[in-house]
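Everything below concerns the one structure shown next.
Index from 1, following the sequence.
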Amino acid sequence: MTWFEKWFGTDYYKLLYSHRDETEAQKFLDNLLAYIHLPENASIVDVGCGQGRHSNYLAAKGFNVTGLDYAEENIEAARREAPANAQFIEHDMREPFPVQNKDLALNVFTSFGYFNAEEEDIQTIKNICNALRNNGFAVIDFLNAKHVENTLVQAETIYKGDVAFRILREIKDKTVFKTINVRHGDEEHHYQERVKLLTLADFKRYFAETCFVLLDVFGSYKLEPYDEQNAARLIMILQKREF
């Protein structure tokens, strides 16, 4: 079993990341929509949708949204909050998507870089591209590797009520490893996260093997210019080439 099969979808995962800023996420999506100018009633696929916070926000704006996520628990949670124009499907992004001819594909908040083999990363990007109509758009929002290297906190303890998360981080083999030790009363649990420190150059190599053209790169959720040394994010705007 992979680390993300063990960790994603657990109650502890949801608790640890419960602080995520909903307002910031919604403003980010609004900024993207202002940049891309989708038609009314456009169709969107949210790849790695988690519990559907982005999908459901977009559906509330009138778009037809399909969320895909590996974790069954996430899909069940997303469906509980879903409006009629949002559907959620349990799916491994390395496999061909069960949707096609979408206007926009989203892969946001570092929902990439989890797999061991580079071929799996490339196949995932090909799957995203194949789910779009010709000239459709995609957004991949990833961490900025240099920023992570410069700001890494090696150890910290985070308390969420009566649950203590002891988090240890290290970088090796161009990957950031996060060990998460959970203490909850008399219980102890141990999890791990791993994300490859992919750079813009790495992504450009991947895109060259797919049907994508890289249109623009931003360094923040406000869509500020990308600066490899200082930007917090690596946000790439892509368009599917017409064949």
State whether a side-chain donor-acceptor pair under 3.5 Å links [X] with [Y].
| X | Y | answer |
| --- | --- | --- |
| Arg233 | Tyr221 | yes |
| Thr157 | Arg166 | yes |
| Gln192 | Trp7 | no |
| Asn181 | Tyr191 | no |
| Asp30 | Gln26 | no |
| Asp227 | Asn230 | yes |
| Asp46 | Ser55 | yes |
| Asn64 | Asn85 | no |

Looking at [X], I'd like to know if its [atom1] atom is crowded, meaning that more than 12 non-hydrogen atoms belonging to other residues, nucleotides or ligands lie closer than 6.0 Å.
| X | atom1 | answer |
| --- | --- | --- |
| Glu5 | CD | yes |
| Glu81 | CD | no |
| Arg183 | CZ | no |
| Asn150 | CG | yes |
| Glu40 | CD | no |

Decide yes or no for [X] and [Y]: does some side-chain heavy atom of the first lie under 4.5 Å from some side-chain heavy atom of the second?
| X | Y | result |
| --- | --- | --- |
| Leu214 | Lys204 | yes |
| Thr66 | Ile44 | no |
| Met236 | Asp216 | no |
| Leu198 | Phe112 | yes |
| Asn74 | Glu76 | no |
| Lys240 | Asn135 | no |
| Leu104 | Phe63 | no |
| Ile235 | Val217 | no |

Centroid-to-centroid, [X] to [Y], below 6.0 Å?
| X | Y | answer |
| --- | --- | --- |
| Phe142 | Phe109 | no |
| Tyr70 | His91 | no |
| Phe137 | Phe212 | no |
| Trp3 | Phe8 | yes |
| Tyr35 | Phe218 | yes |

If you take all heavy atoms of [X] and [Y], which pair is closest and at what distance?
| X | Y | answer |
| --- | --- | --- |
| Leu223 | Asn31 | CD1-O, 3.6 Å |
| Ile89 | Ile75 | O-CD1, 3.4 Å |
| Ile128 | Leu132 | O-CG, 3.6 Å |
| Gly48 | Asp69 | C-OD1, 3.5 Å |
| Arg194 | Asn116 | NH2-OD1, 3.3 Å |

State the [atom1]-[atom2] distance between [X] and [Y], to the nearest 0.5 angstrom.
| X | Y | atom1 | atom2 | result |
| --- | --- | --- | --- | --- |
| Leu58 | Ser43 | CG | OG | 12.0 Å |
| Cys129 | Phe207 | SG | CZ | 10.0 Å |
| Leu16 | Asp11 | CG | CG | 12.5 Å |

Inset, instruction - Might you work through the side-chain contact (heavy atoms from CB on, under 4.5 Å) test for Ile158 and Ile167, ending with a clear yes or no? - result: CA-CA 8 Å; Ile158 297 173; Ile167 300 174; 3.8 Å; yes
Legend entry - Residues Lys146, Glu149: salt bridge by 4.0 Å N-O rule: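 So Lys146 pairs with Glu149 through a salt bridge.
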Legend entry - SB check Lys174 Asp202 (cutoff 4.0 Å):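 Salt bridge flag = yes for Asp202 with Lys174.
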Legend entry - Any donor-acceptor N/O pair, Arg241 side chain to Thr210 backbone, under 3.5 Å: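 Judged by distance alone, yes, a pair lies under 3.5 Å.
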Legend entry - Whether Thr151 side chain and His147 backbone form a donor-acceptor pair below 3.5 Å: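 The answer is yes, because a donor-acceptor pair under 3.5 Å joins these two groups.
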Inset, instruction - Please determine which of Lys126, Arg205, Lys196 meets the salt bridge (charged side-chain N to carboxylate O under 4.0 Å, His left out) test together with Asp121. - result: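 So, applying the salt bridge (charged side-chain N to carboxylate O under 4.0 Å, His left out) to Asp121 and each of Lys126, Arg205, Lys196, only Lys196 qualifies.
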Legend entry - From CA spacing to verdict: side-chain contact (heavy atoms from CB on, under 4.5 Å), Tyr114, Glu120: CA-CA 9 Å; Tyr114 302 151; Glu120 294 176 293; over 6 Å; no
Inset, instruction - Please lay out, stage by stage, how Val182 and His190 fare under the test side-chain contact (heavy atoms from CB on, under 4.5 Å). - result: CA-CA 6 Å; Val182 182; His190 306 280; over 6 Å; no
Legend entry - His189: which of Phe165, Tyr13, Tyr12 passes ring pair (Phe, Tyr, Trp, His ring centres under 6.0 Å):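 It is Tyr12, the one option of Phe165, Tyr13, Tyr12 that forms the ring pair (Phe, Tyr, Trp, His ring centres under 6.0 Å) with His189.
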Inset, instruction - Test the Arg94-Phe115 pair against the cation-pi criterion, namely NZ or CZ under 6.0 angstrom from the six-membered ring centroid and within 45° of the ring axis. - result: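 Yes, Arg94 lies over the aromatic ring of Phe115.
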